[in-house]
Amino acid sequence: MRAVDVMTTNVITVTPDTSIQALAALLSERGISGVPVVDAAGRLVGIVSEGDLLHRAETGTARRTERRRFRWLDTVASDQELARDYMKSRGRVVSDVMSREVIAVTEMTELAEIADLLEIKRIKRVPVVRDGKLVGIVSRANLVRALATVKAESSSSPDIGDHTIRQKLFAGPWAADIVVRDGIVHLWFPEGHSAEEKRAVHIAAENIAGVRAVEEHIVQIPLIQAIMTRL
């Protein structure tokens, strides 16, 4: 699946000259946490979220921006940071607080890539553009809805055979002995395997068509072997 398959096309937007009060009212009334910023031609120029409104002078949450004199931290970089903090807390319009470096995707971007972007960049939504113009948006909620529409694999799927099931499981990075008989997968784990590792193999087996059940077994390590292993 790609962005075009799940994106919201009726996107709520603001312009760079939208007032901060109007933006706050919009986010509150619509129950959303951020919106793209577009110019008069519909081109994406930024994105603004509730995070950009956290530190405001009106609510007494502005960061302290007094200069710390006679300290080595008073560099050009820190001055720029102070200036940005001041704009965030006292700016009057969206262009004063919005993020201009926007991460965007195209309609043909695969959902796997979008999911990685949302996770790695720690963002909740990503705009979808075509020739620089906003055509949609994909949020975490869109990905969850896409999952909800996927039908679980039917239990009546044709039996692909025990040998094929076993080969499919061996294709994964599993540290387990696997026996398949009459569609029942038997997983043999040595002692000490974590619950997460065992559950991962269990899930892998459940997702193969033709698997009727999955059973787990523990291989007991002989006492003398356990002692020798520790030496």
Side-chain angles (χ1 to χ4, degrees), residues 1-66 77-150:
M1 299 180 73
R2 302 177 185 275
V4 68
D5 299 316
V6 303
M7 69 183 188
T8 298
T9 55
N10 185 22
V11 185
I12 300 171
T13 63
V14 295
T15 63
D17 59 355
T18 299
S19 72
I20 294 299
Q21 284 68 31
L23 169 64
L26 177 67
L27 297 181
S28 177
E29 292 168 3
R30 296 300 185 97
I32 53 180
S33 59
V35 290
V37 185
V38 298
D39 62 17
R43 299 185 70 84
L44 180 68
V45 296
I47 196 162
V48 64
S49 72
E50 58 190 5
D52 296 311
L53 305 180
L54 287 181
H55 300 284
R56 294 292 302 180
E58 299 94 328
T59 56
T61 57
R63 289 193 178 97
R64 297 182 61 185
T65 57
E66 301 88 22
S78 63
D79 286 342
Q80 291 175 343
E81 184 177 345
L82 291 175
R84 283 194 296 268
D85 287 345
Y86 186 86
M87 291 174 62
K88 290 275 189 183
S89 64
R90 292 172 174 79
R92 295 178 177 271
V93 294
V94 166
S95 60
D96 293 329
V97 302
M98 71 182 189
S99 299
R100 299 176 184 273
E101 296 180 2
V102 185
I103 298 170
V105 299
T106 70
E107 295 162 288
M108 299 308 293
T109 303
E110 295 186 355
L111 295 193
E113 182 178 342
I114 294 175
D116 287 341
L117 280 174
L118 296 180
E119 180 181 26
I120 294 171
K121 299 296 183 181
R122 297 183 179 180
I123 53 180
K124 297 181 179 180
R125 68 198 63 78
V126 60
V128 183
V129 297
R130 183 196 308 146
D131 298 327
K133 291 188 176 182
L134 182 72
V135 294
I137 196 165
V138 177
S139 67
R140 295 184 179 190
N142 290 120
L143 296 186
V144 173
R145 291 167 190 150
L147 174 62
T149 64
V150 178

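Side-chain contact between Arg56 and Ile20 is present, with at least one heavy-atom pair separated by less than 4.5 Å.
A side-chain donor-acceptor contact under 3.5 Å links Arg140 to the backbone of Ile123. Remark: side-chain polar atoms of Arg92 are not paired, donor with acceptor, to backbone N or O of Asp17 under 3.5 angstrom.
If you take CD1 on Ile114 and CD1 on Ile103, they are separated by 12.0 Å, rounding to the nearest 0.5 Å. With values rounded to the nearest 0.5 angstrom, Lys133 atom NZ is found 12.5 Å from Leu44 atom CG. With rounding to the nearest 0.5 angstrom, the CD1 atom of Ile120 is 10.0 Å from the CD atom of Glu113. Once rounded to the nearest 0.5 Å, the distance linking CZ of Arg100 with CD1 of Ile47 reads 14.0 Å. Interatomic distance, Met7 CE to Ser139 OG, rounded to the nearest 0.5 Å: 13.0 Å. Atom-to-atom distance recorded for Thr109:OG1 and Met1:CE is 14.0 Å, nearest 0.5 angstrom.
Nearest heavy atoms, Arg43 versus Asp131: NH1-O, 3.3 Å. The two residues Asn142 and Val6 have their closest heavy-atom pair at ND2-O, 3.3 Å. For the residue pair Asp96 and Met87, the shortest heavy atom distance occurs at O-CE, 3.5 Å. Between Val14 and Leu26 the shortest heavy-atom distance is CG1-CD2, 3.6 Å. For the pair Ile32 and Val35, the tightest heavy-atom approach, listed with the atom from each and the gap, is CD1-CG1, 3.5 Å. Among all heavy-atom pairs drawn from Ala3 and Val128, the shortest one is CB-CG2, 4.3 Å.
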Inset, instruction - Apply the test side-chain contact (heavy atoms from CB on, under 4.5 Å) to residues Leu143 and Leu118: give CA-CA distance (whole Å), side-chain angles for both, the deciding distance (0.1 Å), then the verdict. - result: CA-CA 10 Å; Leu143 296 186; Leu118 296 180; 3.8 Å; yes
Inset, instruction - Tell me, with the steps shown, if Arg130 and Thr106 meet side-chain contact (heavy atoms from CB on, under 4.5 Å). - result: CA-CA 6 Å; Arg130 183 196 308 146; Thr106 70; over 6 Å; no
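In this model, no donor atom of one side chain and acceptor atom of the other lie less than 3.5 Å apart for Arg125 and Ser49.
Paired with Val45 under the rule side chain to side chain contact (heavy atoms under 4.5 Å, CB included), one option of Pro36, Ser95, Pro16 passes, and it is Pro16.
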